[in-house]
**Student:** 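Just dropping this structure here.
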Amino acid sequence: MLPKIFNPQENSGTDPQWYNCEPLRHSICCYIDDIFNVSLRPEFWKAFTGRDRESVSCCIQKVLDQIEVSQSSSRIYEVVRSACNHAINQMDEFSFVGKRKSDQLLFSPNMLAFTGLTAKSHDFACDHNVIIEKFVYDQSSQFDKYMKFLHQTFSEVHLVKSVVGIVRGIPSESSLGTFCTSSSGNISSLKVVDVFYG
């Protein structure tokens, strides 16, 4: 929900400072996470991937109802309320994921996380003055080609944060190397990941 409803490029009712500044953006994440209950999350995702604007508006209204009940006097309350009200009234402004399964997979939480991983890989290479020769990821028949696409897209773009957390993309001094997927049984580093996160 955050990259869509609270993105000022999509929602002109959102204060850009609260989205572009990382600490403030995280504050919105925490605030919304407290409101987004277990049943509302899949409801919003189904509406969003189904391009059902009416159902998306309904989900946003539920969020708005929750924050109105809380009667918070903080600035974040005003920011979220403004963004939600504008989203409900101007739903036609928003772009939506296509109905095809491929579109939904490309914008799934898995692929958004993968995009973040490419950014962290650039950070690591820059901080340690190393060149990435190969980018290896755990094999997934469902996401392989989409990961390859995102790897190519962000291979030469380094997302850099300012002191206050504002992100901008600059040309990277090096790429993320060649991309490949493999079973964790064949790559020792993937075995380590399985140990910690399996």
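Here the structure is a predicted model, which is why all the values come from computation and not from measurement. What you see below is based on every heavy atom in this structure, not just the backbone, and it leaves out hydrogens, waters and symmetry mates.
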**Student:** Got more than 12 heavy atoms from elsewhere within 6.0 Å of CG, N129?
**Tutor:**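 Open.
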
**Student:** Suppose we screen for side chain to side chain donor-acceptor pair (under 3.5 Å). Which residues come up paired with N85, at least two apart in sequence or across chains?
**Tutor:**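 Applying side chain to side chain donor-acceptor pair (under 3.5 Å) to N85 gives none.
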
**Student:** Other than V130, what residues sit in its cluster of Ile, Leu, Val, Met, Phe, Trp and Tyr side chains whose heavy atoms are under 4.5 Å apart, directly or through others?
**Tutor:**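 Members alongside V130: F124.
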
**Student:** W18 versus R75: any side-chain heavy-atom pair under 4.5 Å?
**Tutor:**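 With C-beta onward as the side chain, the pair touches.
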
**Student:** For S39, what residues pass the side-chain contact (heavy atoms from CB on, under 4.5 Å) criterion, not counting sequence neighbours?
**Tutor:**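 Result, side-chain contact (heavy atoms from CB on, under 4.5 Å) vs S39: N37.
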
**Student:** Please walk me through it: do F179 and M147 pass side chain to side chain contact (heavy atoms under 4.5 Å, CB included)?
**Tutor:** CA-CA 9 Å; F179 177 79; M147 290 188 290; 3.6 Å; yes

**Student:** Looking at M91 and R53, what are the two nearest heavy atoms and their distance?
**Tutor:**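 The pair with the smallest heavy-atom distance is O-NH1, 2.8 Å.
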
**Student:** Minimum heavy-atom separation for P8 to T14, with atom names?
**Tutor:**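 Scanning both residues completely, I find the closest heavy atoms to be CB-O, 3.9 Å.
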
**Student:** Hey, is CD on E156 packed in by over 12 heavy atoms from elsewhere, all under 6.0 Å?
**Tutor:**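 Atom CD in E156 is not packed in, count stays at 12 or less.
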
**Student:** Quick one: list whatever passes salt bridge (Lys or Arg N to Asp or Glu O under 4.0 Å) with D33, sequence neighbours left out.
**Tutor:**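 Testing D33 for salt bridge (Lys or Arg N to Asp or Glu O under 4.0 Å), a comparison that skips the adjacent residues, returns R41.
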
**Student:** Which heavy atom of I5 sits nearest to which heavy atom of A87, and what is that distance?
**Tutor:**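 Taking every non-hydrogen atom into account, CG2-CB, 4.0 Å.
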
**Student:** Hey, what do you get for SG (C59) to CG (L64), rounding to the nearest 0.5 Å?
**Tutor:**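 Answer for the SG-CG pair, C59 versus L64, is 13.0 Å.
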
**Student:** Donor-acceptor pair, distance only, cut-off 3.5 Å: does the side chain of S82 make one with the backbone of E78?
**Tutor:**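 Between the backbone of E78 and the side chain of S82 there is no qualifying donor-acceptor contact (under 3.5 Å).
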
**Student:** When you measure from the side chain of S155 to the backbone of L176, do you find a donor-acceptor pair of N or O atoms at a distance under 3.5 Å?
**Tutor:**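 Confirmed, S155 side chain pairs with L176 backbone.
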
**Student:** What is the distance from atom CG of L150 to atom OG1 of T115, rounded to the nearest 0.5 Å?
**Tutor:**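 Nearest 0.5 Å value for the CG-OG1 distance: 4.5 Å.
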
**Student:** Does some side-chain heavy atom of F135 sit less than 4.5 Å from a side-chain heavy atom of T178?
**Tutor:**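 Result no, sub-4.5 Å side-chain heavy-atom pair not found.
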
**Student:** With sequence neighbours excluded, tell me which residues meet ring pair (Phe, Tyr, Trp, His ring centres under 6.0 Å) with H86.
**Tutor:**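 So H86 forms no ring pair (Phe, Tyr, Trp, His ring centres under 6.0 Å) with any residue.
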
**Student:** Quick one: salt bridge (Lys or Arg N to Asp or Glu O under 4.0 Å) partners of D123, sequence neighbours excluded?
**Tutor:**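 Applying salt bridge (Lys or Arg N to Asp or Glu O under 4.0 Å) to D123 gives none.
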
**Student:** Taking only residues two or more places apart in sequence, or in another chain, which ones meet C29 in a side-chain contact (heavy atoms from CB on, under 4.5 Å)?
**Tutor:**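 Listed in chain order: L2.
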
**Student:** Which atom pair, heavy atoms only, marks the closest approach of S175 to H122?
**Tutor:**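 Heavy atoms of S175 and H122 come nearest at C-CE1, 4.5 Å.
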
**Student:** Among all residues two or more places apart in sequence or in another chain, which pass the side chain to side chain donor-acceptor pair (under 3.5 Å) test with Q61?
**Tutor:**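 D65.
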
**Student:** Can you name the residues that form a side-chain contact (heavy atoms from CB on, under 4.5 Å) with K46, not counting sequence neighbours?
**Tutor:**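 None.
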
**Student:** Which residues satisfy the side-chain contact (heavy atoms from CB on, under 4.5 Å) test with I35, sequence neighbours excluded?
**Tutor:**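 Here the qualifying residues are Y31, V63, Q66, I67.
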
**Student:** Would you sort out whether I32 and F6 count as a side chain to side chain contact (heavy atoms under 4.5 Å, CB included), showing the intermediate values?
**Tutor:** CA-CA 11 Å; I32 293 298; F6 297 100; 3.7 Å; yes

**Student:** Output yes when a side-chain donor or acceptor of D15 lies under 3.5 Å from a complementary backbone atom of V79, and no otherwise.
**Tutor:**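 Pair absent, no side-chain N/O of D15 close to backbone of V79.
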
**Student:** Applying ring pair (Phe, Tyr, Trp, His ring centres under 6.0 Å), name anything that partners Y137, two or more places apart in sequence or on another chain.
**Tutor:**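 Expected list: F114.
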
**Student:** Output all residues satisfying salt bridge (Lys or Arg N to Asp or Glu O under 4.0 Å) with R81, sequence neighbours left out; order by chain, then residue number.
**Tutor:**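 Salt bridge (Lys or Arg N to Asp or Glu O under 4.0 Å) list for R81, sorted by chain: empty.
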
